Amino acid sequence: MKKLTIRFCLLLLFFLCASCATVQRPQNQPPIIQTQTRADQVRYFQALNNWDLAGVLAIRTQNEADSLHWRWQQQGSHYVIHLFGPLGIGNVRITGKPGSVTLETANGKKFTSQNADDLLMAQTGWPLPVSNLFYWIRTLPVPNVQQHAILNTQNQLATLTQKNWTIQYNYSSEMNFPSRLTLQGRNILIKVVVKN
C-alpha cells in the first residue's frame, strides 16, 4: 500500500511538472502564421491593422549614419511612432492619421504636415519612408504601384522592389512580422530590426 501511495505521488508530481512546463501564447496575441501559400499570408496581413512593434534601425546615407530605437503603435488608420537615439537623444514622436501628421520633438516643438516622410526629413534629416513602411513591414506592396516580388521556399516574401526601393526580408519563427527588413535605394541603406 505504501509503494502504491509513493508511485501515485510521483506520478502526480510528474504531471504537475509537465503542466507547468507548457508555455502558452498570450490570448491577445495573434497566432503565428502557419500557411502554405503567399495568398493566405497576404490576406492575413491585409486584415492586420493593429500592432505594437519595437526594435532598432540604422540609416546610412552618403554623408552620415544614424542608429535609432523605434516603437510603432498602429490602431486602424491612426499611428504613433517614437524614434530616439542612445540615452533618448533625438527623441521624436510622430502621430498620424489620413491627411494629417504631427511631429513632436523632445523639447515640445510641434510641426504638422500631410506627408510623414517629408515632415520627418525636414525636421530630423532622417530619410525614412514611413508611408511605404506601413505596407512593407507587413510584407505587402504599396497598392496600385508597380512591384516585383521574389518568394522564399516557404512562400514568404523574400525581396520586394517598388518605388525605387529594394526591400529584403528575414524571418523568425517566433513572430508574425519579419524580424529584419533591409531597404536599399536612392543612395540610402536602412536596416529595420523588429525585436518585440
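Treat the numbers as computed from the prediction; the structure is a model and nothing was measured. One is the number of the first residue; the rest follow in order along the sequence.
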Nearest heavy-atom pair of [X] and [Y]: which atoms, and what distance?
| X | Y | result |
| --- | --- | --- |
| P129 | P127 | CD-O, 3.5 Å |
| Q147 | P141 | NE2-CG, 3.6 Å |
| V194 | P178 | CG2-O, 3.4 Å |
| N50 | G76 | OD1-N, 2.8 Å |

Distance flag, aromatic centroids of F134 and W72, threshold under 6.0 Å: no
Between [Y] and [X], is there a side-chain heavy-atom distance shorter than 4.5 Å?
| X | Y | result |
| --- | --- | --- |
| I188 | W165 | yes |
| N49 | R138 | yes |
| V56 | V192 | no |
| F111 | L119 | yes |
| L181 | Y169 | yes |
| L133 | L128 | yes |
| V101 | I94 | yes |
| V142 | Q162 | yes |

Atom pair [atom1] ([X]) and [atom2] ([Y]), whose distance is rounded to the nearest 0.5 Å:
| X | Y | atom1 | atom2 | value |
| --- | --- | --- | --- | --- |
| L157 | L151 | CG | CG | 6.5 Å |
| L120 | S131 | CG | OG | 10.5 Å |
| Q156 | I150 | CD | CD1 | 14.5 Å |
| L53 | Q74 | CG | CD | 9.5 Å |
| R93 | L103 | CZ | CG | 10.5 Å |
| W136 | K163 | CH2 | NZ | 7.0 Å |

Does a sphere of radius 6.0 Å around CD in Q114 hold more than 12 heavy atoms from other residues, nucleotides or ligands, not counting ones at 6.0 Å or beyond? no
Residue N107 excluded, over 12 heavy atoms near CG under 6.0 Å: yes
Worked check of side-chain contact (heavy atoms from CB on, under 4.5 Å) between I190 and T182: CA-CA 6 Å; I190 302 172; T182 302; over 6 Å; no
Passes side-chain hydrogen bond (donor to acceptor under 3.5 Å, both in side chains), W126 versus D66? Steps please. CA-CA 8 Å; W126 295 328; D66 285 304; 3.2 Å; yes
Donor-acceptor pair between R60 and S67 side chains, under 3.5 angstrom: no
Assess, by modelled atom type and distance only, whether the side chains of W51 and Q75 contain a donor and an acceptor separated by less than 3.5 Å. no
Test side-chain contact (heavy atoms from CB on, under 4.5 Å) on T159 and T166; report intermediate values, then the result. CA-CA 7 Å; T159 305; T166 297; 3.7 Å; yes
T37 vs R43, test: side-chain hydrogen bond (donor to acceptor under 3.5 Å, both in side chains). Steps then yes/no. CA-CA 10 Å; T37 68; R43 281 191 293 273; 4.9 Å; no
Between I81 and T95, does the side-chain contact (heavy atoms from CB on, under 4.5 Å) criterion hold? Intermediate values first, please. CA-CA 7 Å; I81 299 174; T95 306; over 6 Å; no
Between S179 and N170, does the side-chain hydrogen bond (donor to acceptor under 3.5 Å, both in side chains) criterion hold? Intermediate values first, please. CA-CA 6 Å; S179 58; N170 293 91; over 6 Å; no
CA sep, side-chain torsions, deciding dist, call: W70, H82, side-chain contact (heavy atoms from CB on, under 4.5 Å): CA-CA 5 Å; W70 62 274; H82 293 267; over 6 Å; no
If two hydrophobic side chains count as joined below 4.5 Å and joins carry through other members, does V130 share a cluster with F45? yes
